[in-house]
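Inspection log for the structure reproduced underneath, given as structure tokens.
Here the structure is a predicted model, which is why all the values come from computation and not from measurement.
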Amino acid sequence: FFSITMNTRSLIVCVFVLCYLSVANAWNFEETNSTTINARSAYCFYYGSNEVDISNQNTWINGTSKSGSAHVSIYSSTSPGITQLSTKLATCTPSQNNQHTCSTEVISWSYEENVQLEYIMACIECHTFGSCKMDSFVVSLSQEPSGEGYVACTTCYTPSS
């Protein structure tokens, strides 16, 4: 009943190795120290690619903050910046949760693009006239980022955001 044939063992090992390699190809970053984000700004980790196939399974950002105006988001855009033309793939606000934490990993989404260069951005946004404090955050991208830092954010100061 519990015996496993050699072919089944080989299949299990192969599946395990493939799963490990798909996870190993992901890029992760964790910041456990408090980080201050400038007022009405976005701090992002991003890369550009002509072959984009991402989802909440391989591209996400988690954040912990008591700042009511801090957001964590995933975007796709034709340039490394956030505008009205950027595609917001997932976003959440840590202050909406009792634990002051949220994750775009639990928001189901997927995105594919293979026609033009797209920038995939995992961002911490501050939507207020004062700075926002992020207590900690974790970023996971399907590729290693080519850039990190503040990007233009024309939507970071809108009253409805």
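The local environment of CD in Q116 is crowded, with over 12 non-hydrogen atoms from other residues, nucleotides or ligands closer than 6.0 Å.
Residue L89 is grouped with residue V72 when hydrophobic side chains (ILVMFWY) are merged at heavy-atom distances under 4.5 angstrom, including chains of intermediate members. Criterion: ILVMFWY side-chain heavy atoms under 4.5 Å apart, direct or through other members. Under it, L141 and W109 are part of a common hydrophobic cluster. Taking hydrophobic clusters as Ile, Leu, Val, Met, Phe, Trp and Tyr residues chained together by side-chain heavy-atom distances below 4.5 Å, F137 does not share a cluster with I82. Under a hydrophobic-cluster definition in which Ile, Leu, Val, Met, Phe, Trp and Tyr are linked whenever side-chain heavy atoms come within less than 4.5 Å, directly or via other members, I37 and Y75 are assigned to different clusters. Taken together through direct or relayed side-chain contacts under 4.5 Å among Ile, Leu, Val, Met, Phe, Trp and Tyr, M121 and L117 form part of one hydrophobic cluster.
Using modelled atom types, no side-chain atom of S77 and backbone atom of Y119 make a donor-acceptor pair closer than 3.5 Å. Proximity of a side-chain donor or acceptor of E113 to a complementary backbone N or O of V115 within less than 3.5 Å is detected. T101 places no side-chain N or O within 3.5 Å of a backbone atom of P94 that could act as its donor or acceptor partner.
Taking all atoms of both residues into account, the shortest heavy-atom contact from F129 to A39 is O-CB, 3.3 Å. For the residue pair S108 and N56, the shortest heavy atom distance occurs at CA-OD1, 3.8 Å. The nearest pair of heavy atoms linking T83 to T155 is C-CG2, 4.0 Å. Here the closest non-hydrogen pair linking S140 and A26 is OG-CB, 4.3 Å. When all heavy atoms of V151 and P80 are compared, the closest pair comes out as CB-O, 3.6 Å. Taking each heavy atom of D135 and K133 in turn, the nearest pair found is OD1-CE, 3.6 Å.
Here the CG atom belonging to N33 is positioned 14.0 Å from the CE atom belonging to M134, to the nearest 0.5 angstrom. Atoms CG and CD, from N50 and E118 in turn, are 9.0 Å apart once rounded to the nearest 0.5 Å. To the nearest 0.5 angstrom, I74 atom CD1 is 6.5 Å from T59 atom OG1.
Taking the six-membered ring for Trp and thresholds of 30 and 60 degrees, H71 and H127 have ring planes inclined between 30 and 60 degrees apart.
The stretch residues 45-94 participates, sequence neighbours left out, in these disulfide (SG to SG under 2.5 Å) pairs: C92-C102.
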Checking side-chain contact (heavy atoms from CB on, under 4.5 Å) for the pair T78/L85: CA distance, chi angles, key distance, verdict?
-> CA-CA 9 Å; T78 56; L85 298 177; over 6 Å; no
I54 and I120: CA distance, side-chain angles, deciding distance, side-chain contact (heavy atoms from CB on, under 4.5 Å) verdict = CA-CA 9 Å; I54 57 173; I120 303 305; 3.7 Å; yes
I would like to know whether N38 and S131 meet side-chain contact (heavy atoms from CB on, under 4.5 Å); could you show each step before the answer?
-> CA-CA 5 Å; N38 294 340; S131 62; 5.6 Å; no
Disulfide bond (SG atoms under 2.5 Å apart) between C132 and C126, intermediate numbers included = CA-CA 6 Å; C132 296; C126 184; 2.1 Å; yes
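C123 has its SG atom 2.5 Å or further from the SG atom of C153.
Using modelled atom types, one finds a donor on one side chain and an acceptor on the other under 3.5 Å when comparing S142 with Y47. Side chain to side chain, S110 and S55 fail the donor-acceptor criterion of an N or O pair below 3.5 Å.
Y43 meets the ring pair (Phe, Tyr, Trp, His ring centres under 6.0 Å) test with F45, Y150; sequence neighbours excluded. For the side chain to side chain donor-acceptor pair (under 3.5 Å) test, residues two or more places apart in sequence or in another chain that qualify with S73 are T91, E125.
Within the 4.5 Å cutoff, the side chain of W60 has heavy atoms near those of the V138 side chain.
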